[in-house]
**Q** 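Got a structure for you, questions after.
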Amino acid sequence: MIPTPLLRPALLRPTSLRYRFSCYTHRLYSTLNTTAPLRILFAGSDDFSIVSLNALHREHVNRPSLIASIDVLCREDGRTGRKRDILKEVPIKAVARNLGLPLHMISSFKDWQLPKSSPTSSFDLIIAVSFGLFIPASLIDKFPYGGLNVHPSLLPRYRGAAPIQRTLLNLDRETGVTIQTLDKERFDHGKILMQSSPPIEIPPKTSYRTLHDNLAVCGADMLVETLRQRLFVPPISDIKNPYQASVARKVTSEDSRISWQDWSADEMKLRAEMLGSVWTELGTELDEPSIPRKRTILTGIDVLNWDLELDIGVGCFRYVKQPEEMMVLKCKDGWVRVYAVKVEGKKEIEGGTWIRSLQKRGVGRKFW
């Protein structure tokens with residue numbers, strides 16, 4: 001079997017799945033053509049789940065004998081912003097509308113009634129991909145084939161909310177995707193139906209977006225293949241593997257706080273891209289008590305591949321004009337460019353503009 005390279009999303013669609021990964025499974029096609037066309041309720045939310053929804057819809061169009069219908073379930077729009085005054089639409093809603101799929105919205109499963117797939121029939125299977133809510137046993141039991149889930153890790157490794165983030169933050173060199181059943185008691189404890197094998201290699205300096213997009217495509221293809229092989233049909237065997245169980249805890253603001261002693265320039269760039277920004281505290285090089293530190297958010301980080309002849313310490317920054325005007329920041333192993341800065345109580349400003357506004361252009365100031 002050819003090992004799985006990490007490819008750009010545009011190249012991640014070979015004509016046959018077997019050329020990209022093999023799967024741990026003991027029942028390939030053992031129940032082929034023994035089920036009626038499936039009426040699916042798809043529960044999703046974000047870009048990762050949208051890739052699976054699009055793959056299922058293509059299969060529905062091209063192979064109606066496998067998928068008879070798809071309804072989409074998503075959470076209600078949420079409010080964001082400091083004053084909670086910005087209504088943010090769940091991304092999968094627009095996709096469902098564009099595909100012409102019935103759409104159902106939910107805030108919680110309390111007192112929620114399962115809709116019918118048509119006036120005269122009910123759903124056969126629920127598929128949850130990056131949905132965000134735990135689907136209760138009382139609901140799973142209403143589906144003849146229960147539920148499936150696409151999880152971007154080699155379960156039981158990295159059970160939980162942030163498997164891709166933890167994979168990168170822990171500097172893992174391999175990962176994969178798991179198709180599992182929905183457990184009725186806990187997240188990510190279902191039976192494993194299919195799993196990337198061999199693991200997908202992660203090249204050095206892989207960005208979050210690249211890994212996210214590749215795993216989304218891989219997971220969508222594996223999900224469709226799981227349906228084609230009818231691996232959801234009982235009796236279901238739980239595939240065993242050598243991976244140790246671990247938890248991918250949710251990312252918090254502390255994960256974006258710069259650790260000047262630990263973070264390399266590459267890690268600072270990775271975290272800023274993955275988490276949206278990183279933060280630190282602005283003070284003085286002498287850390288004078290009379291000048292309080294201020295929380296400062298840095299957005300847009302690029303690693304500089306050339307050295308600067310500046311004799312300053314880690315956490316210090318300067319304004320440079322060549323090859324263009326910019327703010328540069330010293331890390332423990334090199335330099336990064338900072339595109340935007342937001343100091344506590346101030347508006348966000350372009351990095352070069354911000355540093356030019358400082359007395360002595362930042363000399364004597366430092367991030368802690």
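All values reported here derive from a predicted model rather than from experimental measurement. Both backbone and side-chain heavy atoms feed into the values below; hydrogens, waters and symmetry mates do not.
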**Q** What are the two closest non-hydrogen atoms of Ser130 and Ser49, and how far apart are they?
**A** CB-CB, 4.3 Å
**Q** Determine the interplanar angle of the Trp354 and Phe367 rings, folded into 0 to 90°, and report it as parallel if under 30°, tilted if 30 to 60°, perpendicular if over 60°.
**A** parallel
**Q** Does Glu288 have more than 12 heavy atoms from other residues, nucleotides or ligands lying within 6.0 Å of its CD?
**A** yes
**Q** Give a yes or no on whether a salt bridge exists between Arg39 and Asp71, defined as a side-chain N under 4.0 angstrom from a carboxylate O.
**A**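 Asp71 and Arg39: not salt-bridged.
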**Q** Measure the spacing between CG of Leu41 and OG of Ser69 and express it to the nearest 0.5 Å.
**A** 9.5 Å
**Q** Using 4.0 Å as the upper bound for N to carboxylate O, is an ion pair formed by Asp188 and Arg186?
**A** no
**Q** Can you tell me if CD on Glu254 sees more than 12 non-hydrogen neighbours from other groups inside 6.0 Å?
**A** yes
**Q** Using only atom types and a distance under 3.5 Å, with no angle test, would you say the side chain of Asn170 pairs donor to acceptor with the backbone of Asp172?
**A** no
**Q** Can you tell if the side chain of Lys332 reaches within under 4.5 Å of the side chain of Trp263, non-hydrogen atoms only?
**A**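 Contact flag for Lys332/Trp263 side chains = no.
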**Q** Taking all non-hydrogen atoms of both residues into account, name the closest pair between His151 and Arg159 and its distance.
**A**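 Looking at all heavy atoms of both residues, the closest pair is NE2-CA, 4.2 Å.
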**Q** Side-chain contact test, heavy atoms from C-beta onward, threshold under 4.5 Å: evaluate it for Ile236 versus Tyr145 and give yes or no.
**A**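 No - every pair of side-chain heavy atoms lies 4.5 Å or more apart.
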**Q** Do Asp302 and Leu304 have side-chain heavy atoms sitting under 4.5 Å apart?
**A**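 They are not in side-chain contact.
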**Q** Would you call the rings of Trp112 and Phe109 parallel, tilted or perpendicular, where under 30° means parallel and over 60° means perpendicular?
**A** perpendicular
**Q** Can you tell if the side chain of Tyr319 reaches within under 4.5 Å of the side chain of Met327, non-hydrogen atoms only?
**A**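 Of all side-chain heavy-atom pairs linking Met327 with Tyr319, none is under 4.5 Å.
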**Q** Are the side chains of Ile70 and Leu53 in touch, meaning some heavy atoms are under 4.5 Å apart?
**A** yes
**Q** Mind checking the CD1-CD1 spacing from Ile126 to Ile135? Nearest 0.5 Å is all I need.
**A**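 Between Ile126 CD1 and Ile135 CD1, I get 3.5 Å after rounding to 0.5 Å.
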**Q** Looking at Asp311, I want to see if its CG is surrounded by more than 12 non-hydrogen atoms of other residues, nucleotides or ligands under 6.0 Å.
**A** no
**Q** Contact between Thr299 and Tyr339 at the side-chain level, heavy atoms closer than 4.5 Å - yes or no?
**A**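 No, side chains not in contact.
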**Q** Using modelled atom types only, decide if a donor and an acceptor are shared between the side chain of Gln195 and the backbone of Leu155 within a distance under 3.5 Å.
**A**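 Present.
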**Q** Pro64 and Val61: which non-hydrogen atoms are nearest, and at how many Å?
**A**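 Looks like CD-O, 3.8 Å.
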**Q** Does Asn149 reach the main-chain N or O of Ala128 with its side chain, forming a donor-acceptor pair under 3.5 Å?
**A**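 Yes, because the side chain of Asn149 sits within donor-acceptor range (under 3.5 Å) of the backbone of Ala128.
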**Q** Any carboxylate oxygen within less than 4.0 angstrom of a Lys/Arg side-chain nitrogen, looking at Arg97 and Glu89?
**A** yes
**Q** Considering non-hydrogen atoms only, spot the tightest contact between Arg365 and Cys316 and give its length.
**A**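 Heavy-atom minimum between the residues: O-SG, 4.1 Å.
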**Q** For the pair Thr178 (side chain) and Ser153 (backbone), establish whether a donor and an acceptor sit closer than 3.5 Å, ignoring hydrogens and angles.
**A**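 It does hold such a pair.
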**Q** Are there more than 12 heavy atoms of other residues, nucleotides or ligands under 6.0 Å from atom CD of Glu185?
**A** no
**Q** Between atom CG of Leu139 and atom CG of Leu114, what is the distance when rounded to the nearest 0.5 Å?
**A** 5.5 Å
**Q** With a 4.0 Å cut-off, would you call Lys250 and Asp255 a salt bridge?
**A**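 Looking at Lys250 and Asp255, the cut-off is not met.
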**Q** I want to check something: taking the side chain as every heavy atom from C-beta on, are Lys269 and Val336 in contact at a cut-off of under 4.5 Å?
**A**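 When only atoms from C-beta onward are counted, Val336 and Lys269 do not touch, as no gap falls below 4.5 Å.
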**Q** Do the side chains of Ile200 and Asn214 get nearer than 4.5 Å, heavy atoms only?
**A** no
**Q** Between Gly362 and Phe317, which heavy-atom pair has the shortest distance, and what is it?
**A** CA-CE1, 3.9 Å
**Q** Quick one: pull up CD1 in Ile355 and NZ in Lys360 and give me the separation to the nearest 0.5 Å.
**A**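 Rounded to the nearest 0.5 Å, the CD1-NZ separation comes out at 14.5 Å.
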